[in-house]
Asker: 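Mind having a look at this structure? Questions to follow.
Excluded from the calculations below are hydrogen atoms, water molecules and symmetry mates; all remaining heavy atoms, backbone and side chain alike, are included.
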Amino acid sequence: MMNGYISVSNLEKEYVTASREIVHALTEINFEIAEGEFISVVGPSGCGKSTLLKILGGLLAKTSGTCTLKNTPIDGPRNDVGIVFQDPVLLLWRNVLQNTMLPAEILGLDAKKTLPRAHDLIKLVGLDGFEDKYPHELSGGMRQRNAIIRALIHDPNVLLMDEPFGALDAMTREQMNLELQRIWLESKKTVFFITHSIPEAVFLGDRVIVMTPRPGRISEIITVDIPRPRSLSTMGDEMFVELTQRIRNLLYVEGSLD
Ligand SMILES: Nc1ncnc2c1ncn2[C@@H]1O[C@H](COP(=O)(O)OP(=O)(O)OP(=O)(O)O)[C@@H](O)[C@H]1O
Ligand SMILES: [Mg+2]
């Protein structure tokens, strides 16, 4: 039975390299995501997290299995999905406002409607006053915030995020975690969030998908039953510590924590 908002069933992905080698990236992937749910994904480097995200985003073809969003097969990019990539690919010749507006322009949305939304989003992530600044004039955290609101401009129901905070310093990262939680609580998007940080995965997630080394499979899906909004002090709570330890053990058992 497939009745999730997003459903993935018996998903397999094999890449064929330039030298005709086959890389089995994902195998036997099965999970469902409810509408409005925040799903974190952790797993060792190379276990297929980005591959899975690209398949969910319709950017990459699967080898076999089924992936559906709202009961329709995912077979190409779609308007109701926003993606934040592992690197904050902003266009260097566009300022904050212009980068934010990019997907709206590509989708041909009415600027009269999307421009006010762009300004709201810029304010939401504290980039007001920087609308006309170019990527090289921004800090790493600001660039990342710009990439996040760009993924939100067309108001997608689903947000796919690939290690969006990986390049940030610890303090900025904590601020971004709080900010993302706030955005999510306000907008109730369905989020698929990849991270290398176990505490970050637990802090943000309703559930955490823990993956094994290549070929990536799901080792366990852990439910995070901690009330929201969560604060940074939540990270000291007994349940938080217990959950992060459990995930760490799973990754160590798989012999894969780098
Ligand atoms: N285009 C490609 N052609 C061949 N192999 C690929 C391709 N893209 C990824 N792979 C391989 O597939 C596996 C999964 O890659 P993927 O990028 O999905 O891992 P990941 O879990 O996102 O890793 P990381 O945590 O380092 O970002 C890796 O072994 C990688 O080398
Ligand atoms: Mg990756």
Side-chain angles (χ1 to χ4, degrees), residues 2 4-35 37-91 99 102-103 105-107 144 147-148 150-154 156-167 189-196 201 205 207-219 221 256 258:
M2 307 258 289
Y5 188 69
I6 295 174
S7 290
V8 174
S9 157
N10 300 322
L11 176 69
E12 304 279 332
K13 175 63 187 178
E14 287 177 357
Y15 288 105
V16 182
T17 65
S19 52
R20 298 274 173 97
E21 277 169 291
I22 289 178
V23 178
H24 202 166
L26 293 169
T27 191
E28 290 173 44
I29 303 288
N30 291 285
F31 63 89
E32 305 219 328
I33 303 179
E35 184 168 14
E37 199 175 12
F38 196 117
I39 295 287
S40 303
V41 183
V42 293
S45 183
C47 75
K49 302 180 296 295
S50 296
T51 300
L52 181 55
L53 179 135
K54 286 177 202 156
I55 293 172
L56 291 178
L59 303 174
L60 185 68
K62 58 189 173 355
T63 303
S64 62
T66 49
C67 294
T68 58
L69 169 54
K70 282 195 276 185
N71 290 319
T72 52
I74 298 169
D75 50 14
R78 30 199 296 173
N79 301 352
D80 50 357
V81 175
I83 305 181
V84 183
F85 293 99
Q86 209 158 342
D87 310 304
V89 275
L90 296 170
L91 299 181
N99 265 310
L102 186 66
E105 286 171 25
I106 292 172
L107 293 170
Q144 207 43 267
I148 290 169
R150 180 185 54 189
L152 291 169
I153 185 68
H154 54 300
N157 295 322
V158 178
L159 196 52
L160 307 175
M161 308 180 84
D162 196 350
E163 297 188 46
F165 310 141
K189 308 261 175 237
T190 306
V191 183
F192 185 86
F193 179 89
I194 297 172
T195 176
H196 265 119
R207 290 186 294 154
V208 181
I209 294 181
V210 184
M211 293 181 65
T212 69
R214 206 179 78 202
R217 27 177 124 233
I218 293 178
S219 130
I221 303 182
S256 58
D258 40 28

Asker: Could you tell me the separation between the CD1 atom of Ile55 and the NZ atom of Lys62, rounded to the nearest 0.5 Å?
Answerer: 8.5 Å
Asker: To the nearest 0.5 Å, what is the distance between CD1 on Ile74 and CG on Leu60?
Answerer: 12.0 Å
Asker: Side-chain contact test, heavy atoms from C-beta onward, threshold under 4.5 Å: evaluate it for Val41 versus Phe31 and give yes or no.
Answerer: no
Asker: With respect to Lys49, which candidate in Ile194, Thr195, Leu26 satisfies the side-chain contact (heavy atoms from CB on, under 4.5 Å) definition?
Answerer: Ile194
Asker: Would Glu37 and Thr190 count as having a side-chain donor-acceptor pair, cut-off 3.5 Å?
Answerer: no
Asker: For residues 69-84, pull every pair meeting salt bridge (charged side-chain N to carboxylate O under 4.0 Å, His left out), keeping only residues two or more places apart or in separate chains.
Answerer: Lys70-Asp80, Arg78-Asp80
Asker: The criterion is side-chain hydrogen bond (donor to acceptor under 3.5 Å, both in side chains); which residues satisfy it with Glu163, sequence neighbours excluded?
Answerer: Gln86, His196
Asker: For Pro215, enumerate each residue passing the side chain to side chain contact (heavy atoms under 4.5 Å, CB included) test, keeping only those at least two apart in sequence or located in another chain.
Answerer: His24, Thr27
Asker: Roughly how far, to the nearest 0.5 Å, is CD1 of Ile209 from CD1 of Ile29?
Answerer: 8.0 Å
Asker: Mind checking the CZ-CG spacing from Arg217 to Asn30? Nearest 0.5 Å is all I need.
Answerer: 11.0 Å
Asker: Please report the interatomic distance CG(Asn99) to CG(Leu91), rounded to the nearest 0.5 Å.
Answerer: 5.0 Å
Asker: Donor-acceptor pair, Gln144 side chain versus Pro164 backbone, under 3.5 Å?
Answerer: yes
Asker: Aromatic rings Phe38 and Phe193: how do their planes relate, parallel, tilted or perpendicular, breaks at 30° and 60°?
Answerer: tilted
